[in-house]
Amino acid sequence: MKLFSNPTQDEIKMAAKALKDGHLVALPTETVYGLGADANNEKAVVRIYEVKGRPKNHPLIVHISSIELFDKWARDTPEYAIKLARAFWPGPMTLVSRRTNLAKDFVTGGQETVAIRVPSHTLASQLLKEFESLGGIGVAAPSANRFGNVSPTNSKAVEEELGKFLLESDQILDGGQSQIGIESTIIDCTGDIPVVLRPGSVTIEMVENLLDTEIGERSSLNQNVKVPGSFKTHYAPKARVVLNGVTGPGDGFIALEEIPTSIGAIRLASPKDVLEYAQVLYSAFRLADSKGIKTVNVIPPAEQGLGVAINNRLLKASKGE
Ligand code: TXA
Ligand code: MG
């Protein structure tokens with residue numbers, strides 16, 4: 001595996017060619033780093049599952065450079081989905097829509113729907129454009145971590161997670177620290193109203209304001225959809241994560257800057273607001289593991305706006321404790 005730091009235009013072209021030739025390329029996005037493969041190449045996509053150690057029926061997000069390619073993958077798209085796409089793409093939002101024939105079972109996990117995203121990170125966008133200029137139509141990319149682990153927000157974390165599972169011909173592109181730090185908002189657009197399947201930095205309030213209507217909750221879904229993070233150990237570090245617990249000596253501690261560190265605890269992050277909280281959370285979890293810390297006590301932010309998504313990930317990481 002080769003790692004390219006701040007790749008040049010030529011190196012981005014080579015990475016696009018590698019994708020087109022069926023190799024895997026880990027790429028930065030504004031949310032978290034993804035492990036990319038040509039979404040039309042079954043062999044390449046199967047390798048994503050092997051490298052991640054992920055169950056086969058767990059569907060992937062197809063990344064495209066612009067809304068122009070949306071209709072290649074999605075059909076019977078409701079008007080509200082187009083509105084969402086126009087408002088929040090490129091950006092940290094994934095839309096789930098009915099699939100066209102292009103979206104094969106090996107990408108959708110056999111579901112009749114497909115998840116699509118247009119990322120805004122410049123390097124991701126350039127890579128996708130180059131890939132499309134070679135005839136590619138979309139890049140399937142889950143977060144670039146082993147199944148169940150915390151998503152990587154920089155290239156070093158990708159290397160630590162997947163380095164030993166990647167082949168010589170695979171690549172990692174370094175595009176700095178992911179600005180948002182948690183995974184995209186996933187919105188199911190197959191019904192009369194949108195349903196948020198995974199909260200993210202495109203918040204429920206933002207969607208409701210745009211569409212001028214209340215939107216559905218995940219519990220209103222009655223179809224057999226693989227809900228992201230529905231496995232209890234998702235987004236979890238090795239350390240035990242406790243929310244609002246009693247901090248003991250040697251425990252890790254994560255809280256907003258205004259909250260003082262408990263006596264004897266090891267401060268892992270002091271974000272000044274929710275934006276920074278999302279940015280640093282996964283690195284703080286990784287730091288805990290690198291220090292061999294056994295228990296991390298986390299004081300979650302208020303459950304509003306981006307705080308909803310942070311609380312969602314914290315609850316998963318704490319396995320409901
Ligand atoms: O921010 C992100 O979304 C990152 C970056 C790399 O784009 N990607 C990401 O992918 O988080 P992943 O595979 O780790 O999580 C995507 C989730 C999966 O848990 C999967 O269940 C869900 O999206 N998903 C994919 N296709 C779906 C579908 N057709 N219906 C419902 N959920 C779907
Ligand atoms: Mg993931």
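The first residue in the sequence is number 1, and the count goes up from there. All ligand and atom numbering here is 1-based and tracks the order in the structure.
- With a 4.0 Å cut-off on non-hydrogen atoms, Ile186 touches ligand 1 through its side chain and not its backbone.
- Taking every non-hydrogen atom of Val32 and a distance limit under 4.0 Å, the qualifying atoms of ligand 1 come out as 4 (C), 6 (C).
- Near Ile61, meaning under 4.0 Å from any of its heavy atoms, are these atoms of ligand 1: 3 (O), 8 (N), 9 (C), 10 (O), 16 (C).
- In this comparison of Ser178, Ala115, Ser184, the heavy atom closest to atom 26 (N) of ligand 1 sits on Ala115.
- Formation of a donor-acceptor pair under 3.5 Å by the Arg54 side chain with backbone atoms of Gly148 is not found in this model.
- Metal site remark for the Mg ion (ligand 2): Ser143 contributes an N, O or S atom at a distance under 2.8 Å.
- Residue-ligand proximity, Gly34 to ligand 1, at heavy-atom distances under 4.0 Å covers atoms 6 (C).
- In the candidate list Thr29, Leu95, Thr113, Asn145, Thr113 is nearest to atom 28 (C) of ligand 1, counting heavy atoms.
- Annotation for ligand 1: atoms under 4.0 Å from non-hydrogen atoms of Glu183 are 1 (O), 11 (O).
- Close placement of the His58 and Phe147 rings is indicated, their centers lying within 6.0 Å of each other.
- Side-chain N/O atoms of Arg99 and Thr108 include a donor and acceptor closer than 3.5 Å.
- Side-chain contact, Ser184 with Thr94: a donor N or O sits under 3.5 Å from an acceptor N or O.
- Neither the backbone nor the side chain of Thr108 has a heavy atom within less than 4.0 Å of ligand 1.
- Nearest to atom 11 (O) of ligand 1 by heavy atom, out of His58, Arg198, His63, is Arg198.
- Judged by distance alone, the side chains of Thr29 and Arg117 do bring a donor and an acceptor atom under 3.5 Å apart.
- Between the side chains of Tyr277 and Glu257, no donor N or O sits under 3.5 Å from an acceptor N or O.
- For ligand 1, the polar-atom distance check against Arg117 finds a nitrogen or oxygen pair separated by under 3.5 Å.
- Cation-pi contact between Arg267 and Phe253: absent, since separation from the ring centre below 6.0 Å together with deviation from the ring axis within 45° is not met.
- Those atoms of ligand 1 that come under 4.0 Å of a heavy atom in Leu197, given as number and element, are 31 (C).
- For Arg99, no heavy-atom contact with ligand 1 is shorter than 4.0 Å.
- Neither side chain, Asp10 nor Thr8, offers a donor N or O lying under 3.5 Å from an acceptor on the other.
- In this structure, a donor-acceptor pair under 3.5 Å is present between the side chains of Glu130 and Gln9.
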